[in-house]
Amino acid sequence: MTLIEKLENNERLSLEDGIALYDLDLFTLGKYANARRRALHGDKVFFNVNRHINPTNICKDICKFCAFSANRKNPNPYTMTHDEILAILEKSMKNGITEVHVVSAHNPATGLEWYLEIFSKIKQHFPSLHVKALTAAEINFLATEYKLSFDEVIDKMIEHGVDSLPGGGAEIFDEKVREYICKGKVSSKQWLHIHELWHKRGRESNATMLFGHVEKREHRIDHMLRLRELQDKTHGFNAFIPLVYQRDNNYLHVEDFLSSTEILKTFAISRLMLDNINHIKAYWATSTINLALVAMEYGADDLDGTIEVESIQSAAGAKSAKGLGLQAILELIETSGLKAVERDSLYHELKAY
Ligand code: SF4
């Protein structure tokens with residue numbers, strides 16, 4: 001069967017197929033990815049009203065691509081207090097947020113108890129707020145620091161109010177690339193194992209992939225296939241998020257930035273390869289909002305959210321520091337001719353515009 005016949009018949013695609021998809025022209029690829037996206041979600045574009053909080057940028061790890069960590073090129077170390085976080089959320093609740101997204105650097109001073117306490121306080125003050133917190137990399141860091149098993153950390157997180165896991169820390173699963181860009185961080189196997197344990201508790205999570213740095217196309221496809229394999233077992237990933245590498249203020253020194261065509265092809269290929277993950281998110285903070293909207297015609301169906309304040313990608317050059325207003329999101333989606341749907345963190349539809 002040829003690749004086009006496989007696409008026509010919605011056949012499951014192999015590693016070789018995935019690599020060959022990049023050789024198709026953008027419009028052919030877009031046609032098949034968009035058909036798949038429309039079969040799943042019609043003309044809906046999902047977003048949520050959320051607030052990102054990054055409690056500290058002090059990190060014991062040394063990922064080469066990172067511009068956020070104060071140990072690398074960010075000259076302004078900070079750690080928020082619990083009261084600061086609660087005060088931010090008090091304000092954000094008035095903007096209608098339904099989710100708080102808490103991810104951070106690996107700071108030994110903000111240890112496990114510090115996190116568990118703030119999760120409990122958030123749930124106590126704002127019981128309706130969905131808490132999406134701690135990447136698998138942070139869970140691995142905390143488990144190592146406190147000599148606990150992943151199961152023990154996960155159970156404590158759930159006990160203190162964490163509802164779902166963000167998808168960060170996956171970067172690129174290929175071991176050699178990983179060794180080069182983020183040596184010492186959670187391994188690929190550990191990342192997948194932590195999400196498997198999370199899913200086994202009936203909980204959902206996201207999965208990311210950082211692309212556009214030193215990886216090759218085959219590494220992206222391999223990454224997608226490792227996620228697809230786990231998803232066949234657990235069905236716990238609700239979204240896949242290809243994150244475009246930001247090149248400022250870090251130690252990777254990548255000269256060539258990816259073309260828009262390569263970025264859109266990667267979104268389209270994600271949609272086609274990941275036949276068992278419902279949503280493909282074009283996280284506008286890394287792709288720019290304009291390209292994220294174009295990606296909605298190339299397989300993606302979700303824009304993430306309003307964010308309010310973004311520290312991690314903006315430290316590396318993204319224009320996302322101030323988030324995006326709800327009205328702006330709605331207008332942008334409307335001008336693209338698609339239907340804006342506000343969702344909650346687990347993709348229940350809250351409001352169609
Ligand atoms: S990516 Fe995360 S773990 Fe790596 S250096 Fe930056 S803050 Fe630390």
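Atom set for the values below is all heavy atoms of this structure, side chains included, hydrogens, waters and symmetry mates excluded. As the structure lists them, so they are numbered: ligands from 1, and atoms in each ligand from 1. The structure displayed is predicted, hence computed values, not measured ones.
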task: For the pair Asp222 (side chain) and Leu15 (backbone), establish whether a donor and an acceptor sit closer than 3.5 Å, ignoring hydrogens and angles.
output: no
query: Would a distance-only check, ignoring hydrogens and angles, find a side-chain to backbone donor-acceptor pair under 3.5 Å from Thr234 to Glu196?
result: no
field: For His41, the option from Leu338, Asp301, Asp302 that meets side-chain contact (heavy atoms from CB on, under 4.5 Å)
entry: Asp301
query: Counting backbone and side-chain atoms alike, does Cys66 have an N/O/S atom under 2.8 Å from atom 4 (Fe) of ligand 1?
result: no
Atom pair CD/NE2 of Glu138 and His106 - distance to nearest 0.5 Å: 5.0 Å
query: If we only count heavy atoms from C-beta on, is the His213 to Glu171 side-chain gap below 4.5 Å?
result: no
By number and element, which atoms of ligand 1 are closer than 4.0 Å to a non-hydrogen atom of [X]?
X: Ala105; answer: 7 (S)
X: Asp61; answer: 3 (S), 5 (S)
X: His106; answer: 3 (S)

message: At under 4.0 Å between heavy atoms, is it the side chain or the backbone of Lys60 that contacts ligand 1, or both, or neither?
response: neither
